[in-house]
Amino acid sequence: MYNRLKEQNSPYLLQHSENPVDWYPWCDEAFEKAAQEDKPIFLSIGYSTCHWCHVMAHESFENKEIADLLNQFFIAVKVDREERPDIDSVYMSVCQAFTGNGGWPMSIFMTPQQKPFFAGTYFPPSSQYGMIGFGQLLLTIADRWKNNRTALTESADNLLAALKQKSPLADSGIDSSLPEQAVELFQQSFDAENGGFGTAPKFPAAHNLIFLMLYAYLNQDNKIFPMVSRTLEQMRRGGIFDHIGYGFSRYSTDEYFLAPHFEKMLYDNALLMIAYSAAYKLSGNISFLDTARKTADYILREMTDESGGFYAAQDADSSGREGEYYIWTQEEIYKLLGDEKGRLFCQHFGITKDGNFEGKNIPNILNGNEINDAFEEEKKILYDYRKKRAELHLDDKIITSWNALMICALSILYRVTGERMYLDAARRAQEFIDKNLADKNILYVSCRKGKHSVNGFLDDYAYEMAALLCLYDMCGQPCDLERALELCKEAEEQFADDEGGYYLYGTKNSRLITRPKESYDGAMPSGNSVMAYCLVRLSQAVADDNLKAEAKKQLAYLSSQSAHYPAGFSMFLTALLYDEYPPEKITVVLSEEDDERKIITKLPLYSQVTILQHETDKYKLLNNKTTYYICRDHACLPPTNKIVSQINSFDLSSYALTNFIFGGMQRR
């Protein structure tokens, strides 16, 4: 038995294509049929690697009795939140307004005109633990739709009116004190013992760590980096990091970073690669570089399409159980490795007879053992075994914004290692986007098996611009800058609000009941925050008064949006620091004795670099040695043969160190 989702391309929708529920994708046909048959809509939003989405699917959507209720009284619509972040954003606001929180699966009941009157997340099939059962809920709503519809529609109208109310924009300009306020908030919530911020669950939120590192050096504040260092070390030690196959899970369910929610998302791993690379550059701590490398190994081995794009995610569930793919018994380890090697391995990775997770074990080194490569052979044996032991679902969608973020991560890893394979992988992914996810200046959200989805949203344009700027920072190729400028113009035309900020969906997207304008950073930085970063960087790269004005306008808009809680806007704060401390532009002319790899690792991470293999009329060798031409904020220094050497320790008292890391940024 198949339903209408069988013809869809999304892995999430295809997972539900054999449900007895008569699912529709989001389409006009569904809403027209609901109006014709006078039925309410049940909207279910999730994604293919979502554990609780799987649970509700197995319990309710595969349950024929519940499916019969849905089919009899409702028109059921299924949406992949990763393909339609616009629908997800609109109805997440609805869910939060009704319940005070949100999550996936998201369950929305609404009129055929898409006006919501009831919302929730996961519902069990029958009432338990104080939660109404999904079957009972369907009968209750069907009864009220028939006998008390006025109350439902009035509720929907009132909620919609509230959601459409615009908050007055504060015209207070750019607030340069916001970074300091955010740092104070992070200091208050920092868990000094276990790393991270706040209590369980703990999300990596690597963009917060990146902001804190940048702020620490620019302000010579030696109290901040230890928060970042402790957090990065504990995440590497904990079970949130896959010690067998590498890469990071989505978040930790406990305060120790031991027990993760096991799904692996491309965007988390990209952001963490950036954070670990930057932390290595700042501290010289080799374990940070090792973590970035191992995460890249995982991405290139398991998450890369043969054409160069990067897949979206791997599932938390396997063999019907969350984490089954990743957990071990002590007996298994001994059987695979032998008694002596097994004993040493278990001792190192905290594996016991009783277990640390539901009677089994998540490998970790929270016991304080050294982070090293002493068990590479043993890990390879376990890795090969677990691939045969349980199947792990892969969401093989290739998402534009997430791929752009991974391009940034690989470019930065190239800068700190000088290893060309990382830059080559970034370039291949950029070529994939150009070929498969773009039509001139129009971007698409995602593609799979040669078929792209809907027109892109703000995040796709903002992140792709950031990727191009990152490539430009690494290589100095004018084509990357020119392409970023083209996409910036397109984003302005599609998404800009004359009153400030950018809408999530634009003039080339379908209309919904509200038009969200997201500025708060969630698991990923918001499109508005990334736009602020791109506008600042573009205005620094080219002499364009309009770009400078747009950058200042966006910084002022986000200043007003973030004033109530600046720690929730780290990417905007990073953009603000870039605006206040413009990075250097460094042109390197290589001598015959030097090569690119040797030089690239010596250069400041936060600078725009062009490496010339031979001298030109404008850029000549000085003393026949490798020569550095350094410009800061449209003012250039005399050419020099010297660059500050690789750092070995964290020493905020040294101006040379700050100069090395941040390219001699100077406050305006």
Side-chain angles (χ1 to χ4, degrees), residues 170 172-199 202-235 255 271-272 274-283 285 288 519-526 528-530 532-533 536 554-583 605-606 650-655 657-659 661-663 665-668:
S172 55
I174 299 171
D175 186 350
S176 60
S177 72
L178 289 170
E180 182 179 359
Q181 294 178 42
V183 168
E184 291 176 356
L185 289 167
F186 283 122
Q187 288 174 321
Q188 292 169 15
S189 64
F190 176 60
D191 182 346
E193 181 178 356
N194 302 301
F197 301 88
T199 57
K202 284 183 177 175
F203 289 80
H207 40 292
N208 295 341
L209 304 178
I210 294 165
F211 157 69
L212 288 170
M213 283 188 275
L214 183 57
Y215 181 92
Y217 272 90
L218 295 179
N219 291 275
Q220 301 266 312
D221 190 333
N222 59 10
K223 298 177 183 178
I224 297 174
F225 187 76
M227 293 194 298
V228 176
S229 179
R230 180 63 174 167
T231 299
L232 292 174
E233 180 181 353
Q234 290 301 100
M235 285 196 293
E255 61 188 302
L271 285 164
L272 285 163
I274 295 171
Y276 278 98
S277 296
Y280 163 70
K281 192 77 168 175
L282 300 181
S283 66
N285 185 332
F288 292 155
S519 55
Y520 186 88
D521 292 341
M524 293 175 65
S526 72
N528 267 286
S529 291
V530 179
Y533 169 82
V536 167
Q554 183 69 353
L555 292 174
Y557 168 75
L558 288 170
S559 288
S560 67
Q561 295 296 300
S562 62
H564 67 289
Y565 186 68
F569 298 78
S570 286
M571 187 64 206
F572 153 62
L573 300 178
T574 299
L576 188 56
L577 291 175
Y578 266 97
D579 184 63
E580 293 186 26
Y581 300 86
L605 182 58
Y606 294 93
F650 186 92
D651 180 9
L652 288 173
S653 65
S654 168
Y655 170 76
L657 177 61
T658 305
N659 181 61
I661 296 302
F662 290 105
M665 290 181 173
Q666 295 181 338
R667 191 165 187 144
R668 291 183 184 273

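At least one side-chain heavy atom of Asn219 sits less than 4.5 Å from a side-chain heavy atom of Tyr581. Side-chain atoms of Leu272 and Met235, non-hydrogen and from C-beta on, do get closer than 4.5 Å to each other. For the pair Ser559 and Phe572, the minimum side-chain heavy-atom distance is below 4.5 Å. When side chains are defined from C-beta on, Thr231 counts as touching Phe190, because their heavy atoms get closer than 4.5 Å. Side-chain atoms of Leu232 and Tyr276, non-hydrogen and from C-beta on, do get closer than 4.5 Å to each other. Considering only heavy atoms from C-beta on, Glu255 stays 4.5 Å or farther from Thr199 through its side chain. At least one side-chain heavy atom of Leu178 sits less than 4.5 Å from a side-chain heavy atom of Ser562. Taking 4.5 Å as the limit, every side-chain heavy atom of Phe197 sits out of range of all side-chain heavy atoms of Asn208.
Counting non-hydrogen atoms of other residues, nucleotides and ligands closer than 6.0 Å to CD of Glu184 gives a total above 12.
Considering every non-hydrogen atom in both Ser570 and Asp521, the closest pair reads N-OD2, 3.0 Å. In plain terms, the two heavy atoms of Val530 and Pro525 that are nearest each other are CG2-CB, 3.9 Å.
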Side chain to side chain donor-acceptor pair (under 3.5 Å) between Ser177 and Gln181, worked out: CA-CA 6 Å; Ser177 72; Gln181 294 178 42; 2.9 Å; yes
